[in-house]
Each structure stands twice: as structure tokens, then as C-alpha cells.
Trainee: 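Questions regarding the structure given below will be posed in turn.
As the structure is a computational prediction, the values presented were derived from the model and not from experiment. Chain A is the first sequence line, chain B the second, and so forth, proteins listed ahead of strands; every chain is numbered from 1.
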Amino acid sequence: MPELPDVEGFRLLLESCASGRMIRHVDVRDPGVLHGIDARGLRDALVGRRFGTPRRHGKWLLARTGGPTLVLHFGMTGSLVCARTEDPVEAYDRVLFTLAGGRRLRFRDQRKLQGLWLAHDDSDVDRLLGRQGPDALAVDRTEFETLLAARRGHLKTALTDQSVLAGLGNLLADEILWRARLRPDRPARDLTEADRRRLYGEMRRTLRTSVSAGRVPPRDSWLTGRRDDHDPRCPRCGTALCRTRMAGRGTVWCPRCQPAA
DNA sequence: CAATGTGTTGAGGG
DNA sequence: TCCCTCAACACATT
């Protein structure tokens, strides 16, 4: 389910599980998750190194080691698990990092849509992350408003475009737009000053709550908790929710709370 | 069997 | 150039 809050959760997990610990073994159980390096190359580069404090940008996680940096992206189904060395390995555990102190970090991923890279230096990291916009949790209001004003397309498309703003995925974008009472198909640059300010505020509020929960909390009062219902209704007003497709992704909104401009 | 899905990238078109 | 949609990647679920 990885969007920004999930990846931030993985960052904290990596930090508490692995920071300062020596990497004793690297066991690649499925090389299909490796990009630009093979199992032997990964092992040779990392064994004997020590994980430092991990960083995150958008949905990317950067695990520094003092030498090369392990770069992780979780796609739609990836996750990170911290366990003891002797704990049983599960079906989709693709890479195992055995650490000093009897711990083992596992990169788990069912669909293998993204995976692991190894960056040799900072310019390598920059190249891998491509043209990412500012992190959604770090961007300030002025910059956020400037970004939106410069966009010609739809609001939701702008929010989920990682080169505009890094970190928001399909569910979070719908959630934030619903809270800000803005239709996803509003032209991004046509928002009023008040709209933009409200959108920024709701983005921050939604992210803050999700990050402390480690994910988008599918509570009753959240749109996200309703989107897969048989007869999805707005948690605020009870109106039947609308569903369309935008940029190939399922998009849910309330026709009453999010009226046309 | 067909459609769907929380990720990204690249191709093709307006 | 900007932006849109679709296919592809792999796999489970409806």
C-alpha cells in the first residue's frame, strides 16, 4: 500500500531495526527485484558495511551505509519487515539482510513492480530518483501554490505526479481532495487563493495523521475507508459517491461535498 | 476467462 | 512543450 506515510513507516522501521548494525549476510532469494546489479554485486557491496540513518524522499527510501546507498521503492505491494535471524522466511520475502545482533531485515514484495537499486554516490542517487518534485511533507505553502498554478491539467493528476510533488498516491490524493472539498477534475491552475490554501492545509493534516498511523487509516470518517464498499457513501453527508477513472486510476469523490467549480 | 488494483516508465497522440 | 491515455511489469482477488 505504499504511499508517503507507509514509506515513512518503513524508514522508521529500518532505522530502529538496522541503524548502526553491521550487515553480515545478504541473501537474494529472487533477483527479479534487483535493478542494475546482480545478487553477487549487491552482496559484495554491502556485506561488512553498517547501515546509517535512512532518509526518504516521496515514496523512495535511501539506506546509507557509509559506502554505497541502498535505494528502495515499494511499488504497490512492497514492504519491509524486521525479524530475528531464526524466524521463518515467508513467500514474498525477496531479499534478506542478516544483521549483527541476531536481527534480519527483509524486503518483501508480492508483485515486484519496483525493487532495489544500489547507488555508488550522491549523483547516482539523483539519477535514480529522476525528476522528483519536492517531498509532500516538506514543501512549504508558497512553493505548493506555485506548483499548482503552473499546471495546466487536472488537480488530481497534478497531486499524484511525482515530478510535481513527491509522495502522494491514488488513495491519498482522493482523500485530500475530498477533505478540501475540491473535485479531482478541477483544472489545477484555476483554483482560488483560498482553495489552494485549504488544499495545502488538508494535505498536511491528512499526511500528519497518516504518518503517525504508519499508513492511511481506513477509518469510518475517511473517504479511503469507504471506497471499496458495495454502495459507497460519503462519510460526511451520506450521498452516493461517484467513481471515474483519471490517468488510468480509480477515482472516487462526493458530488455534493465536492461540487463543480 | 475478464476486470481490477495503493507503483512507475515509456510510447503515441492531440 | 505540456498533458493525456494506454500498455507493460507480476500476482491475487472478485
Trainee: At 4.0 Å (heavy atoms only), tell me whether A:Thr224 reaches a base, stays on the sugar-phosphate, or touches nothing.
Mentor: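 Here A:Thr224 touches no strand at all.
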
Trainee: Ring centres under 6.0 Å, that's the criterion: do A:Phe107 and A:Phe97 meet it?
Mentor: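 A:Phe107 vs A:Phe97: aromatic centres not under 6.0 Å.
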
Trainee: Sequence neighbours left out, what passes ring pair (Phe, Tyr, Trp, His ring centres under 6.0 Å) with A:Trp178? Give chain and number order.
Mentor: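 In terms of ring pair (Phe, Tyr, Trp, His ring centres under 6.0 Å), with neighbours along the sequence ignored, A:Trp178 is linked to no residue.
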
Trainee: Could you check whether A:Arg249 gets within reach of a base, just the sugar-phosphate, or nothing at all, counting any heavy atom under 4.0 Å?
Mentor: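 Base, at least one base atom sits under 4.0 Å.
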
Trainee: Give the other cluster members for A:Leu168, using side-chain heavy-atom distances under 4.5 Å between Ile, Leu, Val, Met, Phe, Trp and Tyr residues; answer none if it is isolated.
Mentor: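 Via sub-4.5 Å side-chain contacts, A:Leu168 links to A:Leu4, A:Leu137, A:Val139, A:Phe144, A:Leu147, A:Leu148, A:Leu155, A:Leu159, A:Val164, A:Leu165, A:Leu172, A:Ile176, A:Leu177, A:Leu182, A:Leu191, A:Leu199, A:Tyr200, A:Met203, A:Leu207, A:Val211, A:Val216, A:Trp222.
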
Trainee: Polar atom pairs between nucleotides 1-4 of chain B and protein, under 3.5 Å, N or O only, would you list them?
Mentor:
none

Trainee: Any protein N or O atoms within reach of nucleotides 12-14 of chain C? Criterion: under 3.5 Å, listing atom names and distances.
Mentor:
unit_1: C:dA12; atom_1: OP1; unit_2: A:Tyr92; atom_2: OH; d: 2.4

Trainee: Given a cutoff of under 4.5 Å between side-chain heavy atoms of I, L, V, M, F, W and Y, with clusters grown through shared members, what are the other residues clustered with A:Tyr92?
Mentor: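 None; A:Tyr92 is a cluster of one.
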
Trainee: Hydrophobic cluster mates of A:Leu12, side-chain heavy atoms under 4.5 angstrom, ILVMFWY only, any path?
Mentor: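 Listed partners: none, A:Leu12 stands alone.
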
Trainee: 5'-most contact on DNA chain C: A:Arg152 or A:Gly248, nearest heavy atom basis?
Mentor: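 Per heavy-atom nearest nucleotide, the more 5' residue is A:Arg152.
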
Trainee: Expected output check: what is the dot-bracket annotation of DNA chain C, where ( ) and [ ] are pairs inside the strand (brackets for crossing ones), | is paired with another strand, and pairs are Watson-Crick or G-U under 3.5 Å?
Mentor: .||||||||.||||

Trainee: Enumerate the residue pairs fulfilling side-chain hydrogen bond (donor to acceptor under 3.5 Å, both in side chains) with a member in residues 54-66 of chain A, sequence neighbours excluded, ordered by first and then second residue.
Mentor: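 The answer is A:Glu8-A:Arg56, A:Arg56-A:Asp135, A:Arg64-A:Asp122.
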
Trainee: Hydrophobic side-chain clustering at under 4.5 Å (ILVMFWY, transitive links): who's grouped with A:Leu96? Put none if nobody.
Mentor: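 Its cluster partners, ordered by chain and number, are A:Val89.
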
Trainee: Is the shortest side-chain N/O distance from A:Gln162 to OP1 or OP2 of B:dT8 below 4.0 Å?
Mentor: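 True: A:Gln162 side-chain N/O within range (under 4.0 Å) of B:dT8 OP1/OP2.
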
Trainee: Of the residues in residues 112-128 of chain A, which ones touch DNA chain B at a heavy-atom distance under 4.0 Å?
Mentor: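 Heavy-atom cutoff 4.0 Å gives A:Leu113, A:Gln114.
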
Trainee: Could you run down the sub-3.5 Å N/O contacts of the protein with nucleotides 12-14 of chain B?
Mentor:
none

Trainee: With the threshold set at under 4.0 Å for non-hydrogen atoms, list the residues of residues 166-186 of chain A touching DNA chain B in residue-number order.
Mentor: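 Only A:Gly169, A:Asn170, A:Leu171 qualify.
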
Trainee: Which whole-number value in Å describes the distance from A:His73 NE2 to B:dT8 C1'?
Mentor: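 Whole-Å distance recorded here is 7 Å.
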
